[in-house]
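One is the number of the first residue; the rest follow in order along the sequence.
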Amino acid sequence: MVCLAGRDEERLAAAVRECESATSGARAVRVDVRDASAVDSAFSGLDFDVVVNNAGMALGAEKLPEGNASEWSTVIDTNVKGVLHVAHATLPSMARRKSGDHVLVGSVAGFQVYPGGNVYCATKFAVQAIYEALRVDMAGSGVRFTNIEPGMVQTEFSQVRFRGDLERAAAVYQGVDALQPADVADAILWAVTRPKHVNVGEIVLWASAQASTTVVTRRT
């Protein structure tokens with residue numbers, strides 16, 4: 001059984017239908033990961049073999065002195081507290097069963113900052129710290145932890161970051177064969193299907209055209 005969590009009921013329903021055609025079943029859980037009690041309630045009584053803890057977003061690309069404090073709170077509450085809330089709600093049952101994979105979706109922004117990335121990068125540095133803390137806190141629990149750190153992935157991320165400015169969002173991927181969501185999913189699948197004595201700790205994924213967070217070779 002696949003459990004899909006998110007805030008958009010329509011998209012969750014579509015994802016459930018897609019999963020049902022490929023798996024033994026799927027269910028949707030509508031929840032805002034920023035709400036700790038809602039997350040605990042949503043996952044109460046559920047046992048997970050694999051959790052993909054991928055809450056993440058960015059708002060704006062202004063220099064820090066020009067940023068919006070309210071937007072900072074939204075990003076921090078989603079990217080840091082959301083990750084903590086999901087881990088808090090799902091890890092106890094894994095520890096009781098002494099098995100499971102907990103996959104965090106971080107970013108190359110968790111070890112390389114870039115102009116205008118200030119708060120977003122800070123949250124992804126936090127995800128790296130959470131990953132390392134979980135490995136120490138839950139040593140001997142039987143739970144494996146993995147941090148997937150992608151670079152440029154072509155999703156709606158930039159549309160959200162630029163507050164619905166589709167032209168500006170499209171320019172991010174112009175002239176670049178960016179990573180696709182399926183590439184990230186493939187890395188996750190590979191990590192969680194290794195033999196039990198193998199824990200793939202971190203996977204960094206770059207588009208071939210992306211040398212760093214600030215160096216991208218574009219087709220002219």
Side-chain angles (χ1 to χ4, degrees), residues 5-8 10-11 31-35 39 52-87 103-132 146-188 202-220:
R7 291 181 294 170
D8 189 320
E10 185 174 327
R11 298 182 75 171
V31 65
D32 186 338
V33 296
R34 295 174 297 179
D35 185 334
V39 173
V52 179
N53 195 342
N54 69 330
M57 51 128 37
L59 287 171
E62 295 81 13
K63 295 179 180 179
L64 196 146
E66 301 160 5
N68 182 309
S70 177
E71 289 184 335
W72 296 347
S73 293
T74 299
V75 174
I76 292 168
D77 286 351
T78 303
N79 297 12
V80 181
K81 291 182 181 179
V83 169
L84 292 169
H85 296 160
V86 171
V103 181
L104 303 173
V105 180
S107 170
V108 296
F111 56 85
Q112 285 186 9
V113 300
Y114 55 87
N118 41 74
V119 175
Y120 175 72
C121 291
T123 65
K124 289 304 181 177
F125 270 75
V127 171
Q128 173 67 16
I130 292 168
Y131 156 72
E132 294 183 6
T146 301
N147 189 16
I148 306 292
E149 298 158 292
M152 181 187 293
V153 185
Q154 192 166 5
T155 65
E156 295 176 1
F157 176 86
S158 291
Q159 294 179 28
V160 175
R161 159 166 264 172
F162 297 126
R163 309 177 184 92
D165 186 335
L166 300 184
E167 184 176 350
R168 191 177 180 188
V172 173
Y173 311 106
Q174 188 70 37
V176 178
D177 293 323
L179 295 171
Q180 299 299 310
D183 299 320
V184 180
D186 187 51
I188 294 171
E202 298 179 62
I203 300 179
V204 178
L205 299 172
W206 296 99
S208 295
Q210 186 179 15
S212 72
T213 57
T214 57
V215 179
V216 178
T217 302
R218 299 182 186 274
R219 294 186 298 274
T220 58

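Residues passing the ring pair (Phe, Tyr, Trp, His ring centres under 6.0 Å) test with Y120 are F157, sequence neighbours excluded. With sequence neighbours left out, F162 forms a ring pair (Phe, Tyr, Trp, His ring centres under 6.0 Å) with no residue at all.
The main-chain N or O of V83 is found under 3.5 Å from a side-chain atom of N53 such that the two form a donor-acceptor pair. Within the 3.5 Å criterion, the main-chain N or O of A178 finds a donor-acceptor partner in the side chain of Q180. In this structure, R161 contributes its side chain and L59 its backbone to no donor-acceptor pair below 3.5 Å. N147 places a side-chain N or O within donor-acceptor distance of the main-chain N or O of G106, the cut-off being under 3.5 Å. Between the side chain of R218 and the backbone N or O of Q174, at least one donor-acceptor pair lies under 3.5 Å. A side-chain donor-acceptor contact under 3.5 Å links N118 to the backbone of E62. Remark: the backbone N or O of G151 is not paired with any side-chain donor or acceptor of Q210 at under 3.5 angstrom. Looking at Q112, its side chain does come within 3.5 Å of a backbone N or O of T213 through a donor-acceptor pair. Looking only at distances, no side-chain donor or acceptor of Y131 sits under 3.5 Å from a matching main-chain atom of V105.
Taking CG from D32 and CG from D77, the interatomic distance works out to 9.0 Å, rounded to the nearest 0.5 Å. Here F111 contributes atom CZ and Q128 contributes atom CD; the two are 8.5 Å apart, rounded to the nearest 0.5 Å. Remark: L205 CG to I148 CD1 distance equals 6.5 Å, nearest 0.5 Å. Taking NZ of K81 as the start and OG1 of T123 as the end, the distance is 13.0 Å to the nearest 0.5 Å. If you take NE2 on H85 and CG on D35, they are separated by 8.0 Å, rounding to the nearest 0.5 Å. Expressed to the nearest 0.5 Å, how far CE of M152 lies from OG of S158 amounts to 8.0 Å.
When all heavy atoms of A126 and V80 are compared, the closest pair comes out as CB-CG2, 3.9 Å. The two residues T78 and G56 make their nearest non-hydrogen contact at CG2-N, 4.1 Å. In terms of heavy atoms, P115 sits closest to T214 at CD-CG2, 3.8 Å. Nearest heavy-atom pair, L179 versus A207, reported as atom, atom and distance to 0.1 Å: CG-N, 3.7 Å. The shortest non-hydrogen separation linking K124 to N79 is CE-ND2, 4.5 Å. Scanning all heavy atoms of the two residues, the minimum distance from V216 to V176 falls at CG1-CG2, 3.6 Å.
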Criterion side chain to side chain contact (heavy atoms under 4.5 Å, CB included) on T74 and R34, from CA distance to verdict: CA-CA 9 Å; T74 299; R34 295 174 297 179; 3.6 Å; yes
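The side-chain heavy atoms of D177 and S208, taken from C-beta on, include no pair separated by under 4.5 Å.
Evaluation of the side-chain hydrogen bond (donor to acceptor under 3.5 Å, both in side chains) test over residues 63-72, restricted to residues two or more places apart or in two chains, returns E71-R163.
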